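Just so it is clear, the model here is predicted, and its values are computed rather than measured. What's counted below: heavy atoms across the whole structure, side chains too, no hydrogens, waters or symmetry copies.
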Amino acid sequence: MKTRILLLVVALVCGIAVESVAQKQKKKPPKQENVRTPETAAEKDAANKGRIKQEYEDKLEKHRNLQDKPTQKRMKKTYKHAKDFGNEKPLPFYKRWFRKKKF
């Protein structure tokens, strides 16, 4: 009688242990179709860069056309002056101190 109870207890414990460990296998997620790879990213970035530049130029042209003639001349003169003299600024001290010296 004791052996039967012992076998029953062992069977129940084994059954519970197997059932608690057994889990459903998770399904794999579906394969992605539009994956961004470095190649596609470079193509998209190049396309976006051109589109953004074109939009900026269009808006700038629209802004110029909204101005009257003297304002357009003043804007043109200021733009040329900034273009000619704006790039000749000295480097900041921290860039001069820590730049690589070429011997």
Side-chain angles (χ1 to χ4, degrees):
M1 177 86 174
K2 271 189 158 179
T3 56
R4 285 185 181 176
I5 294 175
L6 184 63
L7 283 174
L8 182 63
V9 170
V10 170
L12 287 174
V13 170
C14 290
I16 292 172
V18 169
E19 198 170 308
S20 66
V21 173
Q23 297 174 356
K24 292 183 180 179
Q25 293 293 331
K26 291 184 179 178
K27 291 183 180 179
K28 292 183 181 178
K31 189 174 181 180
Q32 295 178 350
E33 294 178 11
N34 298 328
V35 178
R36 185 172 174 145
T37 61
E39 293 82 18
T40 58
E43 291 172 6
K44 276 188 174 181
D45 290 345
N48 285 341
K49 199 177 232 183
R51 182 181 53 80
I52 290 170
K53 186 176 181 182
Q54 184 62 39
E55 286 177 0
Y56 174 76
E57 290 174 359
D58 290 344
K59 289 178 183 178
L60 190 61
E61 188 64 31
K62 183 179 178 184
H63 173 68
R64 283 190 197 129
N65 291 336
L66 289 174
Q67 310 304 321
D68 57 350
K69 195 70 169 181
T71 307
Q72 285 182 1
K73 283 187 176 183
R74 190 172 61 247
M75 287 171 61
K76 186 175 180 182
K77 185 178 177 183
T78 305
Y79 174 74
K80 285 185 178 180
H81 183 75
K83 185 178 171 187
D84 290 340
F85 298 105
N87 296 332
E88 297 299 324
K89 294 179 182 176
L91 290 174
F93 72 94
Y94 56 87
K95 287 191 178 181
R96 283 182 274 142
W97 287 359
F98 299 109
R99 67 178 168 196
K100 292 182 180 179
K101 299 195 181 205
K102 296 179 183 177
F103 293 107

Contacts of Thr3 that satisfy side chain to side chain donor-acceptor pair (under 3.5 Å) - sequence neighbours left out: none

Any residue meeting side chain to side chain donor-acceptor pair (under 3.5 Å) with Asn65, in chain and number order, not counting sequence neighbours: none

ring-ring contact (aromatic ring centres under 6.0 Å, His included) contacts in which one or both residues fall within residues 29-86, not counting sequence neighbours: His81-Phe85

Heavy-atom pair of closest approach, residues Val35 and Thr40: O-OG1, 4.0 Å

Sequence neighbours excluded, every pair satisfying salt bridge (charged side-chain N to carboxylate O under 4.0 Å, His left out) that has a member inside residues 54-63: Arg51-Glu55, Glu61-Arg64

Heavy-atom neighbours of Arg96 CZ exceed 12 at 6.0 Å: yes

Lys73, Lys80, Gln72 screened by side chain to side chain contact (heavy atoms under 4.5 Å, CB included) with Lys76, the one that passes: Lys80

Nearest-0.5 Å distance that lies between atom OG1 in Thr71 and atom CG in Leu66: 11.0 Å

Shared-cluster residues of Phe93, by chain and number - hydrophobic side chains joined below 4.5 Å: Tyr94, Trp97, Phe98

Pairing residues for Asp84 by the side chain to side chain donor-acceptor pair (under 3.5 Å) criterion, not counting sequence neighbours: none

